[in-house]
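Quick notes on the structure that follows.
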Amino acid sequence: MVNKQYQIIAKNYDLAGRASSAVKQLLKELGISRQEIKRICSASYEAEINVVIHSFGGYVDIYLENNVVQLNFFDDGPGIKNIELAMTDGYSTATQEDHRNGFGAGLGLSNIKRCSDEMILTSSCEGTTLKLTFYLRGETCTTSKKS
Amino acid sequence: MTLNALIKDFGLKQLTKQDITQKKINYGFCCDLMSDALMIMHQTSDEIIDQTILITGLVTMQSIRTAEMLDIDVVVIVRGKIPSIKVIELAERLKITILQTPLTMFSLSGQLYKKGIKGISYDQQW
């Protein structure tokens, strides 16, 4: 079993992607295939960017056991007002600065849903939790690395 | 074609120090919105990704981070835009090559296509 957490800082575009980069490095060290890393890290990066853009800051918790990868993103609010609307392709509340950084197309959450095997999104004004599960395809995952 | 031939034929300027000039390039993908790249290329095979360049007008850290997540190791910046030192340093640390061209995204892509560089196909619509 491997369990690690990485911090995500709000509104800091220079550091955005750092947590997903660490997730990628960890998955590589554990011998996960490149194809699966691409799938997991694409979802992770989109979710991390959402925390950077929309929240007051948060963290990601990665948990690996028996060929199952779980990525749980937590932030400190202000929350998503309408989850159904937020899940609609093209709907975005991103600012011009977010667009200048290459994000805010309104595709993030639906992208995450496509990449992951299970996605649970809950939100209130106190914070948002995004739980993602990936069942590794055709893999025998070595989780002997110390957490 | 090799990356070296691509650099010569299109007068691309290399902004990072890596030497991967013999790398084979057969595919290209253009975008300024990184979700487009993530959505389509997360399912592209490793074999194709290894021969792919990401063409973008985005010169922030996020174009490099996107390439990193997708395992793409060549990013071509169009319209002569100049990335910051921080972006170049990040790319070098991640072993991603940044190339630059004064051409627009359309012109570069058209010329690459004429030379046989193919687009990435996908089976999703949104």
Side-chain angles (χ1 to χ4, degrees), chain A residues 8-9 12-25 27-28 32-50 52-53 71 87-92 94 97-116 132 134 137, chain B residues 29-52 54-73 75 77-79 81 83-96 105 120 122-126:
Chain A
I8 304 170
I9 300 170
N12 188 327
Y13 284 99
D14 282 355
L15 297 180
R18 193 180 55 166
S20 300
S21 184
V23 166
K24 182 180 178 183
Q25 193 54 42
L27 296 175
K28 254 170 101 170
I32 311 293
S33 75
R34 286 176 63 197
Q35 195 68 44
E36 286 295 77
I37 291 177
K38 274 201 295 258
R39 181 168 77 96
I40 297 166
C41 286
S42 292
S44 173
Y45 186 41
E46 289 277 21
E48 181 179 353
I49 291 291
N50 276 348
V52 172
I53 290 177
L71 288 179
M87 289 294 300
T88 311
D89 277 352
Y91 177 79
S92 174
E97 198 196 348
D98 304 328
H99 290 126
R100 272 199 297 271
N101 278 281
F103 286 93
L107 294 171
L109 283 173
S110 46
N111 244 357
I112 293 166
K113 195 173 182 185
R114 285 186 186 98
C115 291
S116 59
L132 305 176
F134 302 86
R137 295 163 189 170
Chain B
F29 187 88
C30 299
C31 70
D32 282 344
L33 283 170
M34 295 298 115
S35 287
D36 283 348
L38 293 165
M39 175 178 270
I40 289 169
M41 286 195 283
H42 80 266
Q43 56 180 357
T44 305
S45 73
D46 296 340
E47 194 192 343
I48 290 177
I49 283 288
D50 285 341
Q51 304 172 49
T52 299
L54 176 65
I55 302 164
T56 183
L58 186 73
V59 286
T60 66
M61 302 284 226
Q62 303 317 313
S63 54
I64 306 304
R65 285 292 186 200
T66 302
E68 179 195 7
M69 297 307 148
L70 293 168
D71 255 357
I72 291 174
D73 48 20
V75 174
I77 291 169
V78 296
R79 281 206 291 128
K81 291 185 180 180
S84 71
I85 296 288
K86 276 191 294 189
V87 173
I88 292 172
E89 282 173 355
L90 176 68
E92 286 183 339
R93 193 156 52 78
L94 296 170
K95 298 185 169 53
I96 291 170
M105 189 183 277
I120 302 281
Y122 61 98
D123 58 6
Q124 286 180 337
Q125 194 57 54
W126 62 91

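All chains are named by letter (A, B, ...) in the order of the sequence lines, taking the proteins before the strands, and each is independently numbered beginning at 1.
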Toward chain A, the part of B/T66 with a non-hydrogen atom under 4.5 Å:
both
A/I49 versus chain B, heavy atoms under 4.5 Å apart: side chain, backbone, both or neither?
side chain
B/K81 atom NZ: more than 12 heavy-atom contacts under 6.0 Å
yes
Shortest non-hydrogen contact from A/E46 toward B/S35
OE2-OG, 2.8 Å
Show the nearest heavy-atom pair for residues A/G17 and B/M69, with the distance to one decimal.
O-CE, 3.8 Å
Side chain from CB out, backbone as N, CA, C, O: work out which of these in B/L33 comes under 4.5 Å of a heavy atom of chain A, or both, or neither.
both
With the side chain counted from C-beta on, respond yes when B/D50 and A/R34 share a heavy-atom pair under 4.5 Å apart, and no when they do not.
yes
Heavy-atom side-chain proximity of A/K38 to B/M41 below 4.5 angstrom:
no
Is there a donor-acceptor pair under 3.5 Å between the side chain of A/Q35 and the backbone N or O of B/T44?
yes
How far apart are the closest heavy atoms of B/E68 and A/S21, and which atoms are they?
OE2-OG, 2.5 Å
Quick check for you: to the nearest 0.5 Å, what is the distance between B/M61 atom CE and A/L15 atom CG?
7.5 Å
Portion of A/F103 that has a non-hydrogen atom of chain B nearer than 4.5 angstrom
both
Could you check A/R18 against B/R65 for side chain to side chain contact (heavy atoms under 4.5 Å, CB included), going step by step and ending with a plain yes or no?
CA-CA 8 Å; A/R18 193 180 55 166; B/R65 285 292 186 200; 4.2 Å; yes
For chain A, the option from B/S84, B/S63, B/S45 that forms the most heavy-atom pairs under 4.5 Å:
B/S45
Which bit of B/T60 comes within less than 4.5 Å of chain A, counting heavy atoms only: side chain, backbone, both or neither?
side chain
Enter the distance from A/I37:CD1 to B/H42:NE2 here, rounded to the nearest 0.5 Å.
14.5 Å
If you count heavy-atom pairs within less than 4.5 Å of chain A, which of B/D32, B/D71, B/L90, B/I64 leads?
B/D71
Max heavy-atom pair count under 4.5 Å with chain B, selected residue of A/G104, A/G102, A/G108, A/S44
A/G102
